[in-house]
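Reading through the structure tokens given below for one structure.
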Number of protein chains: 2
Amino acid sequence: MNFSIAEENYIKAIWHLQQADNNVTTNELAAELQTKPASVTDMLKRLKEKKLLNYQPYYGVKLNADGKKVALSIIRKHRLWEFFLVEKLKFNWDEVHAIAEELEHVSSNELIKRLDDFLGNPRFDPHGDPIPDGSGKMETLNQISLHELKENISATVTGVGDQTSSLLELLNKKNISIGTKLEIKQRNSFDASVEIKLRNQPLITLSEQLAKKIFVKTV
Amino acid sequence: MNFSIAEENYIKAIWHLQQADNNVTTNELAAELQTKPASVTDMLKRLKEKKLLNYQPYYGVKLNADGKKVALSIIRKHRLWEFFLVEKLKFNWDEVHAIAEELEHVSSNELIKRLDDFLGNPRFDPHGDPIPDGSGKMETLNQISLHELKENISATVTGVGDQTSSLLELLNKKNISIGTKLEIKQRNSFDASVEIKLRNQPLITLSEQLAKKIFVKTV
DNA sequence: AATAAAATTTAGGCAAATCTAAAAATAAAT
DNA sequence: ATTTATTTTTAGATTTGCCTAAATTTTATT
Ligand SMILES: [Mn+2]
Ligand SMILES: [Mn+2]
Ligand SMILES: [Mn+2]
Ligand SMILES: [Mn+2]
């Protein structure tokens, strides 16, 4: 089956929202896709026709197995292109999302297979997100948010909570990226901010909101 | 200005047809784009609204300066992506056209600038066609068709007349590609076919139709 | 349990891009 | 100069994807 760009964007958005929520609502989708609830209802009917999801009017939507497979193939393309843009074209990690939003809709499977090989079959994209393989399998790495990390335990940054440029640019400024080693030295109970130590650098402060968007794995 | 994929395909098709013809007709465009004349008329009205071309009902169409600029920026993207597909992803030259038809519509200019640098600012695509620079300038190489080449004059293949897989696959079979050195040894007046010599190989025969689609430059 | 608020769907419309069939204009042939 | 053939345009529909406004349904609050 072949899908339009709009259909692919809906399928991907549903997949992402259902990771957090399981059951996805019309309003959530409208917000995510920057469109109106009425338009979402329209599209959900079409995608139900195409048997990609279970949609109960008024009670939300869930991708079925076929829908998930389609979603993962788009996500695979998105993340491989992001890797290409950063590793080969030297974009910064905060510049690639919008471009990959377009590249992910180029349809050739042979292209993606060769791109994957050309890039050395990378397992993670520039934001630390795992890249699904050709059959849709993807590693689940058990990371925790920096906010939950115990004090004085060394950890490595493995992911970020979203791809907004405001978040990524703030992390650039604080010199934090995927792979950065860090440790919480103190917590400030007043605002739940944390004082962290990076390799050979003075302590820096991260707000609660920021610490919650940084994912780490203890070493 | 931003254009839809359909609009970009029309603009590019008009540009190509007007290289041969100067004035492009509705039927020519319909054939080129595999659509119906009525659809072409519709689109020409829209593109005239957007001031990209001069369209006289019943008398054909010509891109104006703005239209040509848009066309050349799409052609630049198309040919750079083709180069990428062949040089980096190791596609054959007969496999890249359809994929580049999609990639050429990815809108980021920064992407194209970086891709160009990553590829080493190539001047020709895998079919020997010149790649326009960022401002739309492009070299005009004075090649002649192999059919017009004098006998016993050594020449290099610099281009092909179209990108159809039937032509490109035939050339593969005959071991002819961009850069191949050859020489006409004999002409057969009966069918205008030519006997050519490639480096260290026995004579091979090319039909008149084929010889007319191969472009060469004398060395 | 009744009412108010919030979420969702329906109804009706619009623009882009396509189509078929009919009408009109241009070009070719007698 | 007519008639015929070809090309092109117009008229009217269709599909996709979106919108606003109104109606409906579900959820929350009194
Ligand atoms: Mn997208
Ligand atoms: Mn990413
Ligand atoms: Mn195209
Ligand atoms: Mn080419």
Side-chain angles (χ1 to χ4, degrees), chain A residues 1-15 17-18 20-63 67 70-71 74 101-102 104-107, chain B residues 1-14 17-18 20-63 67 70-71 74 101-102 104-105 107:
Chain A
M1 258 265 204
N2 242 35
F3 303 100
S4 71
I5 291 174
E7 286 171 334
E8 291 191 346
N9 284 334
Y10 270 87
I11 293 164
K12 193 160 61 92
I14 296 167
W15 189 92
L17 291 172
Q18 108 183 11
D21 235 7
N22 207 22
N23 198 61
V24 179
T25 69
T26 301
N27 268 0
E28 283 174 324
L29 263 174
E32 176 81 10
L33 290 165
Q34 316 226 72
T35 182
K36 296 293 140 82
S39 307
V40 172
T41 301
D42 268 9
M43 180 61 93
L44 292 181
K45 286 183 195 162
R46 278 197 293 273
L47 294 176
K48 184 180 187 172
E49 277 300 306
K50 298 196 174 185
K51 303 202 184 303
L52 294 173
L53 44 78
N54 303 316
Y55 166 51
Q56 294 274 113
Y58 294 102
Y59 290 93
V61 67
K62 260 179 78 170
L63 293 178
V70 173
I74 305 163
E101 273 302 318
E102 293 186 51
E104 71 190 358
H105 304 292
V106 173
S107 62
Chain B
M1 260 271 199
N2 242 37
F3 303 99
S4 72
I5 291 174
E7 287 171 333
E8 292 191 347
N9 284 335
Y10 271 86
I11 294 164
K12 193 161 61 97
I14 296 167
L17 291 172
Q18 101 182 15
D21 235 7
N22 207 23
N23 198 62
V24 179
T25 69
T26 301
N27 268 0
E28 282 174 325
L29 262 174
E32 175 81 9
L33 291 166
Q34 316 227 72
T35 182
K36 297 292 140 80
S39 309
V40 173
T41 300
D42 268 11
M43 180 61 94
L44 291 182
K45 286 183 194 163
R46 278 197 293 274
L47 293 176
K48 184 178 187 174
E49 277 300 306
K50 299 196 173 186
K51 304 203 182 304
L52 294 173
L53 43 78
N54 302 316
Y55 165 52
Q56 294 276 112
Y58 293 101
Y59 289 94
V61 68
K62 260 179 77 170
L63 293 178
V70 174
I74 305 163
E101 273 302 318
E102 294 186 50
E104 72 190 356
H105 304 292
S107 62

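The model shown is predicted, which means the values in this text are computed figures rather than measured ones. Letters A, B, ... mirror the listed sequences (proteins, then strands); counts begin at 1.
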Problem set entry | Counterpart residues, salt bridge (charged side-chain N to carboxylate O under 4.0 Å, His left out), relative to A:Lys12 (two or more places apart) | A:Glu101, A:Glu104
Exercise. Rounded to whole angstroms, how far apart are CG on A:Leu44 and P on C:dA7?
Worked result: 17 Å
Exercise. When you check every protein heavy atom under 4.0 Å of nucleotides 15-27 of chain D, what one-letter string (B, S, -) results, 5' to 3'?
Worked result: --BBBB---BSSS
For this session: Evaluate the side-chain proximity of A:Leu29 to A:Val61: yes if any heavy-atom separation is below 4.5 Å, no if none is.
Result: yes
Problem set entry | B:Asn9 side chain vs B:Leu33 backbone, donor-acceptor pair below 3.5 Å | no
For this session: Starting from C1' on C:dT18, measure out to CG on B:Leu29 and report it in whole angstrom.
Result: 15 Å
Exercise. Less than 4.5 Å apart, any side-chain heavy atom of B:Leu63 and any of B:Val70?
Worked result: no
Exercise. Between the two end axes of the helix from C:dA1-D:dT30 to C:dT30-D:dA1, each built from 5 base pairs, what angle do you get to the nearest 10°?
Worked result: 10°
Problem set entry | Whole-Å gap separating C1' (C:dA17) and CG (B:Leu33) | 12 Å
For this session: With side-chain contact (heavy atoms from CB on, under 4.5 Å) as the test, would you mind laying out the steps for B:Leu52 and B:Phe3 before giving the verdict?
Result: CA-CA 11 Å; B:Leu52 294 173; B:Phe3 303 99; 3.5 Å; yes
Exercise. Can a side chain N or O of B:Asn27 be found less than 4.0 Å away from OP1 or OP2 on D:dT6?
Worked result: no
For this session: Drop me the distance from B:Leu44's CG to B:Asn54's CG, to the nearest 0.5 angstrom.
Result: 11.5 Å
Problem set entry | Separation of C:dA17 P from B:Phe3 CZ (nearest whole Å) | 12 Å
Exercise. Considering only heavy atoms from C-beta outward, does the side chain of A:Tyr10 approach that of A:Thr35 to under 4.5 Å?
Worked result: yes
For this session: Measure the shortest side-chain to side-chain distance between B:Pro57 and B:Tyr55 over non-hydrogen atoms and say whether it is less than 4.5 angstrom.
Result: yes
For this session: Tell me whether the OP1 or OP2 atom of C:dT8 has a side-chain N or O from A:Tyr55 closer than 4.0 Å.
Result: no
Exercise. Can you check whether A:Thr26 has a side-chain N or O nearer than 4.0 Å to OP1 or OP2 of C:dT9?
Worked result: yes
